[in-house]
Engineer: 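I am attaching a structure below and will ask some questions about it afterwards.
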Protein chains: 2
Amino acid sequence: MKEHSAAEEKGILTAHLAKNRLKRSEPREAILDVFLRSDHHVSVDELLRLVQKRRRDIGRTTVYRALKVFQQAGLAHELVLDGENRYERAYKRGHHDHFICNSCGSIFEFTSAEIEAIQERHAHRIGFKIEGHRHQVYGQCQSCVGKGPRRTRR
Amino acid sequence: MKEHSAAEEKGILTAHLAKNRLKRSEPREAILDVFLRSDHHVSVDELLRLVQKRRRDIGRTTVYRALKVFQQAGLAHELVLDGENRYERAYKRGHHDHFICNSCGSIFEFTSAEIEAIQERHAHRIGFKIEGHRHQVYGQCQSCVGKGPRRTRR
DNA sequence: ATGGTTGCAAAGTCTTTGCAACTAT
DNA sequence: ATAGTTGCAAAGACTTTGCAACCAT
């Protein structure tokens, strides 16, 4: 299920660092590594935990800062959820929206050019220039349907 | 631009209180009053400020608690934005989504049965049972276009 | 009287920032 | 040497909770 090699994304990071006169660092590279290997939609907590399996000395702050750099480099995209944010790979991945299970929390992606088009039409109607959007659909995923909701949002 | 009388919503609150063995209270009624009069999409801060114009002794906590009750009574709907949440009237208002200006912060509503239908189709495809959704489109509103973004999200 | 309601202060979450030590260039 | 990077602790922003006093029923 890999869209492309992680090596490619590491190159992107290096280029971004060069372009912005930033320096490379082991912790940040370890974080990128883990981020790329991780399932999509990791939270900071999860990512930190995964990173610390490899390097116990890496702190939470560094993860936050690394994610910020990844976003600027176009490698990560932030998903603003209710309490916490999650991060997904962004490099060479088209825009997509999400189904989020209220019971188990799992996330499914979907894309719809139609929706984008309709959105654009509505925007045009009121002279609104779209710069981005956030579209999250909540409910019960296939394997949780019938068991009733267990994870209530705040 | 009033969809219906505020009195109707006050009745709903009273009914909700009765049904749940809750008691009426002046502060909560004052908050509902101000909430109904306010422009849609108020933040807790704004609502508190408005409420305190009338009754300086009402505290922020009470506003939070009142909004929770209003939501349970179906009178208010919470809009989860980036840093803070906003609240809008929910009684007898159909579902709708939002355009949010990155510059001035103003919010415009839009409805699209088509989008809902497409969403439903995608959900059905993966056996997902939709319970709700959050669809926010960010960009520049008509009067801010051309001035460039000034209000950057966190 | 009983039990919901209120304001305040304190505690909670998640995220960012100040700072001194450290490290890449 | 110069300037970015790191971890920790502290600070921030927003929201919730504990508690004693208060008020509706």
Side-chain angles (χ1 to χ4, degrees), chain A residues 10 13-34 41-49 51-52 54-73 76 78-87 105 151-154, chain B residues 10 13-34 41-49 51-52 54-73 76 78-87 105 151-154:
Chain A
K10 291 184 190 172
L13 175 60
T14 303
H16 175 81
L17 297 181
K19 190 170 6 181
N20 295 278
R21 292 189 212 69
L22 302 180
K23 293 171 180 170
R24 66 169 288 281
S25 87
E26 283 232 342
R28 187 157 46 203
E29 283 173 7
I31 296 169
L32 179 57
D33 228 63
V34 173
H41 317 118
V42 275
S43 65
V44 171
D45 252 18
E46 288 165 358
L47 186 52
L48 176 66
R49 193 173 44 70
V51 165
Q52 290 189 331
R54 191 190 302 190
R55 292 206 29 179
R56 222 169 323 143
D57 58 320
I58 292 180
R60 171 179 238 91
T61 310
T62 304
V63 172
Y64 273 108
R65 289 195 272 228
L67 283 169
K68 209 137 273 173
V69 173
F70 300 164
Q71 285 178 72
Q72 285 159 352
E78 188 179 52
L79 246 160
V80 178
L81 302 188
D82 209 332
E84 80 194 344
N85 295 347
R86 289 179 170 268
Y87 300 83
R151 181 229 217 187
T152 313
R153 271 185 277 138
R154 193 178 0 138
Chain B
K10 291 184 190 172
L13 176 60
T14 303
H16 174 82
L17 296 181
K19 189 170 4 182
N20 296 277
R21 291 188 212 71
L22 302 181
K23 292 172 180 168
R24 65 169 289 281
S25 87
E26 284 234 342
R28 187 157 46 203
E29 284 173 5
I31 295 170
L32 178 58
D33 227 64
V34 173
H41 316 118
V42 275
S43 65
V44 170
D45 251 18
E46 289 164 358
L47 186 53
L48 175 66
R49 193 173 44 72
V51 166
Q52 291 190 332
R54 191 188 304 189
R55 293 207 27 180
R56 219 169 324 142
D57 58 320
I58 292 180
R60 171 179 238 90
T61 311
T62 304
V63 172
Y64 274 107
R65 291 194 271 228
L67 284 169
K68 208 137 272 171
V69 173
F70 300 164
Q71 285 177 73
Q72 286 159 353
E78 187 179 52
L79 247 160
V80 179
L81 302 188
D82 210 329
E84 79 194 346
N85 295 347
R86 287 177 170 269
Y87 301 83
R151 181 228 217 186
T152 313
R153 269 185 278 136
R154 199 183 348 148

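Protein chains get the first letters and strands the later ones, always in sequence-line order, with residue 1 at the start of each.
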Engineer: Could you check if a side-chain atom of A/R54 sits within less than 4.5 angstrom of a side-chain atom of A/V34, using non-hydrogen atoms only?
Structural biologist: yes
Engineer: Once you round it to whole Å, what is the distance between C1' of D/dC14 and CG of B/L67?
Structural biologist: 14 Å
Engineer: Nearest to the B/Y64 side chain among D/dT2, C/dT2, D/dT16, which nucleotide is it?
Structural biologist: D/dT16
Engineer: Can you tell me how far P of C/dT6 sits from NZ of B/K68, to the nearest Å?
Structural biologist: 14 Å
Engineer: Under 4.0 angstrom, heavy atoms only, what part of the nucleic acid is B/T61 near: base, sugar-phosphate, or nothing?
Structural biologist: base
Engineer: Base, sugar-phosphate, or nothing for A/R28, non-hydrogen atoms under 4.0 angstrom?
Structural biologist: sugar-phosphate
Engineer: With respect to the side chain of B/R65, which nucleotide from D/dG4, C/dC19, C/dC8 is positioned closest?
Structural biologist: C/dC8
Engineer: Taking 4.0 Å as the cut-off, does a side-chain nitrogen or oxygen of A/N85 come that near to OP1 or OP2 on C/dT15?
Structural biologist: yes
Engineer: Figure out the CG/P separation between B/L13 and D/dA24, and round it to whole Å.
Structural biologist: 15 Å
Engineer: Over how many whole Å does the gap from A/L17 atom CG to D/dA3 atom P extend?
Structural biologist: 18 Å
Engineer: Round to the nearest Å and state the distance from B/D57 atom CG to D/dA21 atom P.
Structural biologist: 19 Å
Engineer: Whole angstroms only, please: what is the CG-C1' distance between B/L47 and D/dT15?
Structural biologist: 15 Å
Engineer: What is the separation between atom CG on A/N20 and atom C1' on D/dA3, rounded to the nearest whole Å?
Structural biologist: 14 Å
Engineer: Taking CD1 from A/I31 and P from D/dT5, how many angstroms apart are they, rounded to a whole number?
Structural biologist: 12 Å
Engineer: So how far is it from B/L79 CG to B/N85 CG, rounded to the nearest 0.5 Å?
Structural biologist: 8.0 Å
Engineer: Might you work through the side-chain contact (heavy atoms from CB on, under 4.5 Å) test for B/F70 and B/L13, ending with a clear yes or no?
Structural biologist: CA-CA 7 Å; B/F70 300 164; B/L13 176 60; 4.2 Å; yes
Engineer: Taking A/R86 as the fixed residue, which of A/H41, A/E46, A/E78 is the one that meets the side chain to side chain donor-acceptor pair (under 3.5 Å) rule?
Structural biologist: A/E46
